[in-house]
Amino acid sequence: MKGHFPIDKFQALQTPFYYYDSNVLRQTLRSIENEVARHDNWYVHYAVKANANPKLLRIIREAGLGADCVSGGEIEASLHAGFPNSKIVFAGVGKSDWEINLGLDNDIFCFNVESIPELEVINDLASAKGKVARVAFRLNPNVGAHTHANITTGLAENKFGIAMRDMVPVIEHAQQLKNVQVVGLHFHIGSQILDMGDFQALCNRINDLQEELERHHIRLEHINVGGGLGVDYEHPNRLPIPDFHAYFETYAKKLKLRPGQTLHFELGRAVVAQCGSLITRTLFIKEGAVKKFAIVDAGFTDLVRPALYQAYHKIENICSDEPKETYDVVGPICESTDVFAKQIDLNSTKRGDYLAIRSAGAYGEIMASQYNCRRLPIGYLSDDL
């Protein structure tokens with residue numbers, strides 16, 4: 001089954017562009033809300049790095065989510081979209097002074113700190129402003145995730161977080177500083193995770209860490225487990241909503257929170273991936289010596305994931321019901337890696353047909369570039385067409 005697209009409305013738009021189904025996004029947000037509402041003191045922050053389209057951000061903010069930011073620009077985008085300061089968390093292994101000052105000036109909820117040097121800079125900058133910065137320490141739990149190596153973040157070899165062996169001395173050091181307040185622990189083990197066993201392993205590690213902290217008479221108010229829940233890239237029509245029940249239930253059953261502790265999540269891909277499609281027009285059908293190419297006007301400047309991660313996206317010809325033929329779907333960029341898919345079956349395709357590259361709402365528009373001096377793609381919501 002194909003997705004439903006207002007092809008008649010597309011005629012007035014310049015391809016390639018992103019099309020966001022607002023109904024799918026709102027259904028996704030309702031599913032998250034229904035699951036989280038079953039638990040006290042649970043909060044979800046949307047990971048802005050997945051997609052910072054201003055109209056999407058406003059819908060997400062209206063659903064009551066907070067914002068998880070990894071740059072000053074994302075903080076500014078979140079504030080502009082109306083996210084409350086008190087719901088903004090700021091992570092990232094390399095925060096610039098101006099970004100830290102931006103967070104301090106806006107009294108954001110928390111800085112997720114990844115090193116002692118960063119902690120000390122935040123303390124100094126906060127001191128200069130006569131403020132106390134709330135911080136959570138991002139720990140590297142050395143938990144592997146069954147996902148692509150380039151999007152695994154919780155192993156000891158990764159650049160992210162503080163080693164577990166340093167946890168207690170780092171917290172004790174922070175407690176001696178006058179302009180930071182340690183409020184929690186932060187974790188994130190990777191992205192596009194579909195095996196709930198990975199999240200169970202994280203819960204077990206956090207449980208052990210909390211016991212270790214209590215032996216040192218340290219008790220923290222907030223636990224932030226990051227995000228990482230994946231989506232079904234193969235079946236965006238049949239499974240448009242990720243399995244939020246299994247995800248949240250894993251934490252409900254396996255994580256041993258202390259009385260009064262709050263639990264924070266940072267979901268990105270799972271919120272927006274399935275609502276978005278990259279719409280591209282077929283330029284030429286080229287008969288090669290051993291294969292047939294569908295050459296389209298989108299390239300890896302518009303959606304880099306297939307070139308960067310060898311990521312799979314389902315592709316549909318939304319103009320054709322003809323019998324299927326086999327194509328390589330390629331773009332116009334002067335690089336051999338500008339390929340969206342090889343040897344896939346599409347309904348017989350001709351010049352001018354629209355192709356929809358599905359599940360592209362996350363890490364699509366936000367990662368677009370102007371290589372080859374190409375224009376950045378525009379994102380349109382179904383509400384606006």
Side-chain angles (χ1 to χ4, degrees), residues 18 20-37 39 41-92 99 102-103 106 108-112 136 138 151 153 184 186-193 199 222-231 240-244 247-248 251 262-276 359-367 379 381 383:
Y18 278 91
Y20 299 109
D21 189 324
S22 306
N23 291 328
V24 170
L25 176 59
R26 292 190 174 99
Q27 290 169 13
T28 302
L29 291 166
R30 281 195 296 271
S31 180
I32 293 172
E33 181 183 10
N34 291 340
E35 291 296 332
V36 172
H39 307 279
N41 297 322
W42 283 28
Y43 303 93
V44 177
H45 306 265
Y46 166 65
V48 179
K49 68 177 182 177
N51 191 321
N53 181 289
K55 293 182 179 180
L56 291 185
L57 289 182
R58 284 195 286 274
I59 292 174
I60 294 166
R61 184 261 301 163
E62 289 168 359
L65 275 64
D68 161 41
C69 302
V70 294
S71 74
E74 288 186 4
I75 293 176
E76 291 172 333
S78 299
L79 292 170
H80 186 72
F83 285 89
N85 307 36
S86 60
K87 290 186 176 181
I88 295 176
V89 296
F90 182 20
E99 295 174 311
L102 178 66
N106 286 281
I108 63 171
F109 172 68
C110 187
F111 293 85
N112 293 334
R138 178 173 180 176
I151 51 177
T153 61
H186 176 232
F187 305 86
H188 182 65
I189 60 173
S191 187
Q192 186 51 22
I193 300 170
F199 298 121
H222 307 291
I223 301 296
N224 185 328
V225 295
L229 178 64
V231 303
I241 310 298
D243 192 352
F244 292 115
Y247 175 73
F248 288 116
Y251 287 100
T262 66
L263 183 59
H264 298 254
F265 300 87
E266 297 170 343
L267 294 171
R269 182 196 313 266
V271 178
V272 293
Q274 297 291 45
C275 77
S359 308
Y363 307 107
E365 182 183 355
I366 192 66
M367 295 180 77
L381 271 66
D383 289 350

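As a basis for the values below, the full set of heavy atoms in this structure was taken, side chains included, without hydrogen atoms, waters or symmetry mates.
- Contact annotation: the side chain of Tyr363 approaches that of Lys49 to within less than 4.5 Å [non-hydrogen atoms, C-beta and beyond].
- In this structure, the side chains of Tyr20 and Leu56 come closer than 4.5 Å at one or more pairs of heavy atoms.
- In this structure, the side chain of Asp21 engages the main chain of Asn23 through a donor-acceptor pair within 3.5 Å.
- At least one side-chain heavy atom of Asn224 sits less than 4.5 Å from a side-chain heavy atom of Glu266.
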Problem set entry | Tyr43/Thr262 under side-chain contact (heavy atoms from CB on, under 4.5 Å): CA gap, chis, key distance, verdict | CA-CA 8 Å; Tyr43 303 93; Thr262 66; 3.9 Å; yes
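- Leu102 approaches Gly72 most closely through the heavy-atom pair CD2-O, 3.4 Å.
- Taken to the nearest 0.5 Å, the OG atom of Ser22 stands 4.0 Å off from the CG atom of Leu381.
- Inter-residue side-chain proximity for Arg138 and Phe187 is flagged as unmet; no heavy-atom pair is nearer than 4.5 Å.
- Heavy atoms only, all atoms of each residue included: Val271 and Ile32 are closest at CG2-CD1, 3.9 Å.
- Atom-to-atom distance recorded for Lys87:NZ and Asn85:CG is 12.0 Å, nearest 0.5 angstrom.
- The minimum heavy-atom distance linking Val231 with Ala270 is given by the pair CG1-CA, 3.8 Å.
- For His222 and Phe109, the ring centers sit closer than 6.0 Å to each other.
- Smallest separation of non-hydrogen atoms from Thr28 and Pro240: OG1-O, 4.4 Å.
- The shortest distance between side-chain heavy atoms of Asn41 and Leu263 does not fall below 4.5 Å.
- For the pair Lys55 (side chain) and Gly379 (backbone), a donor-acceptor distance under 3.5 Å is absent.
- The CD atom of Glu33 sits 12.5 Å away from atom CZ of Phe244, with the distance rounded to the nearest 0.5 Å.
- The CD atom of Gln27 sits 12.0 Å away from the CD atom of Gln274 when rounded to the nearest 0.5 Å.
- In this model, no donor atom of one side chain and acceptor atom of the other lie less than 3.5 Å apart for His80 and Ser78.
- Relative ring orientation between Phe265 and Phe248 is described as perpendicular, the plane-to-plane angle rising above 60° on a 0-90° scale split at 30° and 60°.
- Counting all heavy atoms, side chain and backbone alike, Tyr18 lies closest to Ala360 at CE2-O, 3.4 Å.
- Leu79 has its side chain within reach of Ile88: a pair of non-hydrogen atoms, C-beta onward, lies under 4.5 Å apart.
- Side chains of Asp243 and Leu229 form no contact here, defined as non-hydrogen atoms less than 4.5 Å apart.
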Exercise. Do Asn53 and Val272 pass the side-chain contact (heavy atoms from CB on, under 4.5 Å) test, and can you show the C-alpha distance, the side-chain angles, and the key distance before you say yes or no?
Worked result: CA-CA 11 Å; Asn53 181 289; Val272 293; over 6 Å; no
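- Between atom CG of residue Leu57 and atom CD of residue Glu74 there is a gap of 9.0 Å, rounded to the nearest 0.5 Å.
- Remark: aromatic rings of His186 and Phe111 are distant, center separation not under 6.0 Å.
- Across all their heavy atoms, Asp68 and His45 have their closest contact at N-CB, 3.8 Å.
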Exercise. Which is it for Asp383 and Arg26 under the side-chain contact (heavy atoms from CB on, under 4.5 Å) test, yes or no, and what are the steps along the way?
Worked result: CA-CA 11 Å; Asp383 289 350; Arg26 292 190 174 99; 3.0 Å; yes
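- Classified by interplanar angle (parallel below 30°, tilted 30° to 60°, perpendicular above 60°), the ring pair Phe199/Tyr251 is tilted.
- In this structure the side chain of Asn51 reaches within 4.5 angstrom of the side chain of Glu365, judged on heavy atoms.
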For this session: Test Leu25 against Leu29 for side-chain contact (heavy atoms from CB on, under 4.5 Å), laying out the working first.
Result: CA-CA 6 Å; Leu25 176 59; Leu29 291 166; 4.0 Å; yes
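- One finds the CD1 atom of Ile193 at 8.5 Å from the OH atom of Tyr247 (value rounded to the nearest 0.5 Å).
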